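These notes concern the structure reproduced below.
First listed ligand is number 1; within each ligand, the first listed atom is number 1. These numbers were taken from a predicted model, which means no experiment stands behind them.
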Amino acid sequence: MNDRFTAPGKIILFGEHAVVYGKPAIAIPVSGMRASAWSETGENGLTINALDLNEKFSITDENNQFSVLAQSILAKTNQNEPNLTINLSSKLPQGSGMGSSAATSTAVCRALSGYLGVNLAENEISELVFDAEKVVHGTPSGIDNTVVAYEMPVYFIKGEKPETFEPGKKFFLVIGDTGIEASTKETVSNVRDNWKKEPGLMDGYFDEIERITNQGKIAIEKGNEKIVGEMMDKNHELLNSIGVGHDKLEKLIDIAKDTDALGAKLTGGGGGGNMVALAKDKRNQKKIQDAITEAGYRAYQTSFGEE
Ligand code: MEV
């Protein structure tokens, strides 16, 4: 009881949306921004107390992320509903492309399985969280629950065992938040509509994103930050082509580029939410963050790989 169970946010570096159509994508955990959950004795069954939302969810609530998650966990572990309250708090903005739903579900999954005394492996947690992700996102690829549950960089293809990879150096990123909450369910569904209207054109874009993702992976492994930045720019153009851009994303990307970022793109579902910029080094990272903040937006620093 009262032990804290946490899970990180995530950033997609390459391949969002195309990943829903079987193409590869690359994502990294954002370990500095986390959801955390802790349990205390409750009454009348299981309650998830989402403190930031000021909302409580029970296991019988229909079509809800946490009720679906709790039911899946109890079914998998053959347990009855406990009298328990799981408190939940998250540093991750909702509807921002940073994996808030996967992180909150993963933290709750860890708290509940911890209370029940069952040890779940990362792949089992990822699968349970995927059930909840379907409620939130409709037809998710599974990349968010994978990167969040494993908490490691992943090269991900839907339905395949996730691969990890070793970055050739430390990469410094800035995440900029447009402040526009966007539903991934909606942007994924808009892309699906565009694909139904013009399948040839959209498949061409997805093929191009696949090439960029694979080149991006090689450049990350070689520590070639210039190419990684170029690939991020190209990926962003293609995300605009498939219809998930937003004026505010362009604004933040322009600020980052004017502050010497090596590349920048939207990250996650798009239509608002966050962008991610690759900085040249730690100093440049601070400059980009300051420039975005001075323009009136929230910005965070993160990094991946070893120095
Ligand atoms: C959301 O973080 C990433 C998308 O590709 C949707 C998905 O993969 O489920 C937009």
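- No single ILVMFWY cluster, assembled from side-chain heavy atoms under 4.5 Å apart, contains both L92 and V108.
- D52 and Q94 form no side-chain donor-acceptor contact under 3.5 Å, judged by distance and modelled atom types alone.
- In the hydrophobic clustering, where aliphatic and aromatic side chains (Ile, Leu, Val, Met, Phe, Trp, Tyr) are joined below 4.5 Å either directly or transitively, F172 stands alone.
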Inventory of protein N or O atoms under 3.5 Å from ligand 1 N or O:
from: ligand 1; atom 1: 2 (O); to: K10; atom 2: NZ; distance (Å): 2.9
from: ligand 1; atom 1: 2 (O); to: D144; atom 2: OD1; distance (Å): 3.0
from: ligand 1; atom 1: 2 (O); to: D144; atom 2: OD2; distance (Å): 3.1
from: ligand 1; atom 1: 5 (O); to: H17; atom 2: N; distance (Å): 2.8
from: ligand 1; atom 1: 8 (O); to: S141; atom 2: OG; distance (Å): 2.5
from: ligand 1; atom 1: 9 (O); to: S141; atom 2: N; distance (Å): 2.8
from: ligand 1; atom 1: 9 (O); to: S141; atom 2: OG; distance (Å): 3.4

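- Residues that satisfy the side-chain contact (heavy atoms from CB on, under 4.5 Å) test with A111, not counting sequence neighbours, are F5, A37, I86.
- Partners of F57 under the ring pair (Phe, Tyr, Trp, His ring centres under 6.0 Å) rule, at least two apart in sequence or in another chain, are F66.
- By the 6.0 Å and 45° rule, K169 stacks over the aromatic ring of F171.
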